[in-house]
Number of protein chains: 2
Amino acid sequence: MSDLEERPDRPRVVTIRDVAAASGVSIGTVSKVLNGRGKLRAETRARVSAVADRLGFRPNPLAQGLLAGRTHTIALIACDGFSRFSVPVMLGVEDFLAPEEISMFTCDTRDDPIRERHHVERLLARRVEGIVTTGRRAETRHGLGDLPVPVVHTVSRSAGPGDFSVVPDDRGGGALAVRHLLAAGRSRIGHITGPRRFLAAGQRAAGLTGALAEAGLRPVAEPLFGEWSEEWGRQAAGILLRARPDVDAVVCGSDQIARGVAEAMGEHGRKVPDDVALIGFENWEPMALGARPPLTSVDLNLTEIGRTAARYLLDAIGGAPPQGGVLTVPATLVVRESTR
Amino acid sequence: MSDLEERPDRPRVVTIRDVAAASGVSIGTVSKVLNGRGKLRAETRARVSAVADRLGFRPNPLAQGLLAGRTHTIALIACDGFSRFSVPVMLGVEDFLAPEEISMFTCDTRDDPIRERHHVERLLARRVEGIVTTGRRAETRHGLGDLPVPVVHTVSRSAGPGDFSVVPDDRGGGALAVRHLLAAGRSRIGHITGPRRFLAAGQRAAGLTGALAEAGLRPVAEPLFGEWSEEWGRQAAGILLRARPDVDAVVCGSDQIARGVAEAMGEHGRKVPDDVALIGFENWEPMALGARPPLTSVDLNLTEIGRTAARYLLDAIGGAPPQGGVLTVPATLVVRESTR
DNA sequence: TTGAAAGCGCTAACAA
DNA sequence: TTGTTAGCGCTTTCAA
């Protein structure tokens, strides 16, 4: 496949000088045409643009940026191998950025602070104008330190003082799930979720108990903290059924857990949703749709978190006063067969 | 959260001039110190580096790039919303790029040619030095046209003449699965997979029948083409069992299908792996590990595909003669309980 | 209405 | 051993 012939020259990049020469004007004039600036004869404008088009001229953003001190780039730093938590955020950020003609560098730190530092250094050297970080489920993360550009943290909130974070509403999501179940006439509601050390698990549980309390109720049993896995869901369903055979609904801390619960319920002779209604969390479609029956699930709207983060970042880049604190994006409920 | 006070000035960016002034030398000297070029007194070097460090100087890569005509950036274009197929490739590309101090722009086309064109235009304007595309399962995609920079397509092969693609070995993966089953003493092997129109489905099936043929065998029944879903797995398992109750192993076109099959097998009174061994495809861990029992699965080594693509891209950027054609990265088998 | 020239931050060739 | 200068591609005065 290799060949000895000279490599065919790739088309040389066309500069403003080429356009000027080809259209017989100065580079200043070309610049004015391209930017619609200054006073020029219509005929000149037309002619120069035509030439620029014909030559396939694209202004070099490095040169533009050098002069303007801007790069129209931002960076997204993930820490979790672009997991299913980071990806929707990325898409949201991109959504918001693309029409602004801003490009996005991405990198992943694999949860390694050294790698993170390294990436931040390089990105700053490249003069990105802002940084978005993404996290894995709602946790608390360290800040990035005092940087010369605005930073927005997403999903995981930053512990750095004055830092700004956009996070999912785990608590509200838990409440949402409960209200849906109450409206459907369920009242003996259990909760099976991930490890206690996860902020997300605690908040989802708190939202659930809160919403039950509003209705003068309590969970049918103490929330069961364990793992984020299907296997834990299977185990915990057994534990719950043994303690409270009369349970008529379970809110799960993740769709994976909910799948495990669904399976175990069947094995214990309970029908979903007839005997026990089931709600998952995170609305991870391959999981939620593959379950039998398909799972009602709390959607944390991570893409919206990404859009929101991008909007704030652009505002900050534009000179808006710095924001600190945590902004929470509401969750929504996607209703499927497991609660119908 | 807003305040009326003046926004605290972010630290102004330090230029080579600042360093020169602060250390009482010319900018040329600073440049030599920073790049280790030229002949300078050791004392000067030490002093200037110290000042540069103290000031937190970072050379502006825009200026460097403008001069050198290089940007040390590449782009990755996904088409599938950074799906589980694109993400491992991204990580592989990043793996290979990071030590080279090359940064990666990413964008997603949402499978929209207009969006793709738009992104390509913008990336070229930014003078990326190369482009990697990622695809969703092995398909054939259109090329990007004649670009002034090298392009490597991954996962989906490009139909563009002279284009270079790095793709998974679906056929080899199918063969791998069969050989593993044969070695385990199974011989009545069925196949349940995705839609016939997918190249990946066809190749996996071909690999399977090929490896069986080598052993003088044929599939226990015609391969069942359907959907990539669990639901299809459940359905198809029933069909297969009705046709061939004596089947002792099933290779599935995806882990999702395999999960469905596993579930249905249980319902039909077949134990996995005792009665029927099961192999999935793609080694999508949340699916493969959550199944009961955990699934043996063919890993397509997408991260390795990413690394390989990055290596070729860098070579091409470095001036290696252009390659055309398709490079196949071998698959491997991850053995778990479903075949033990 | 157009052109000339300065300068963004940096490197490299050449002078001193 | 160090400084000076030109120039990368572009925008933006200011002159013509």
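Just so it is clear: chains get the letters A, B, ... in the order the sequence lines come, proteins before strands, and each one is counted from 1.
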Item to check | dT2(D) OP1/OP2 closer than 4.0 Å to side-chain N/O of Thr44(B) | outcome: yes
Checklist entry - For dT11(C), does OP1 or OP2 lie under 4.0 Å from any side-chain N or O of Asn35(B)? => result yes
Checklist entry - Does Arg37(A) make a side-chain N or O approach to OP1 or OP2 of dT13(D) shorter than 4.0 Å? => result no
Next on the checklist: Nearest whole Å is fine: how far is dT12(D) P from Leu66(A) CG?
Outcome noted: 13 Å
Item to check | Minimal non-hydrogen separation, Arg110(B) against Asp95(A), with atom names | outcome: NH2-OD1, 2.8 Å
Checklist entry - Which whole-number value in Å describes the distance from Leu62(B) CG to dT11(C) P? => result 13 Å
Checklist outcome for this item: Whole-Å distance, Leu67(B) CG to dG7(D) P, equals 12 Å
Next on the checklist: I want to confirm an ordering. Mapping Pro61(B) and Lys32(B) to their closest nucleotides on DNA chain C, which one lands closer to the 5' end?
Outcome noted: Pro61(B)
Checklist entry - Quick one: which of dC10(D), dT2(D), dC10(C) gets closest to the side chain of Arg41(B)? => result dT2(D)
Item to check | Under 4.0 angstrom between Thr29(A) side-chain N/O and dG3(C) OP1 or OP2 | outcome: yes
Checklist entry - Taking the side chain of Asn60(A) as its heavy atoms from C-beta onward, which of dA13(C), dT2(C), dG9(D) lies nearest to it? => result dG9(D)
Checklist entry - Is the phosphate of dT1(D), meaning OP1 or OP2, less than 4.0 Å from a side-chain N or O of Arg45(B)? => result no
Checklist entry - What nucleic acid atoms does Arg58(A) come within less than 4.0 Å of, heavy atoms only: base, sugar-phosphate, or nothing? => result sugar-phosphate
Item to check | Spacing between Leu40(A) atom CG and dT12(D) atom P, to the nearest angstrom | outcome: 14 Å
Checklist entry - Does Gln64(B) place a side-chain N or O at less than 4.0 Å from the phosphate oxygens OP1/OP2 of dT11(C)? => result yes
Next on the checklist: From CD1 of Ile16(A) over to P of dC8(C), roughly how many Å is that when rounded to an integer?
Outcome noted: 18 Å
Next on the checklist: Please compare Glu43(B) and Ala68(B) by the position of their nearest nucleotide in DNA chain D and report the one closer to 5'.
Outcome noted: Glu43(B)
Item to check | 4.5 Å side-chain heavy-atom contact, Ile102(B) and Glu129(B) | outcome: no
Checklist entry - Heavy atoms, side chains only, cut-off 4.5 Å: are Glu116(B) and Thr133(B) in contact? => result no
Checklist entry - Is the distance between the ring centroids of Tyr312(B) and Phe164(B) under 6.0 Å? => result yes
Next on the checklist: Could you tell me how far apart Leu34(B) (CG) and dT2(D) (P) are, to the nearest whole angstrom?
Outcome noted: 14 Å
Checklist entry - Of the nucleotides dT12(D), dC8(C), dC10(D), which one has an atom closest to the side chain of Ser31(A)? => result dT12(D)
Item to check | Atom-pair distance (CD1 on Ile27(A); C1' on dT2(C)), nearest Å | outcome: 13 Å
Checklist entry - Are Thr73(B) and Arg126(B) close enough that a side-chain donor and a side-chain acceptor fall under 3.5 Å? => result no
Next on the checklist: Please report the distance, rounded to the nearest Å, between CZ in Arg17(A) and C1' in dG3(C).
Outcome noted: 14 Å
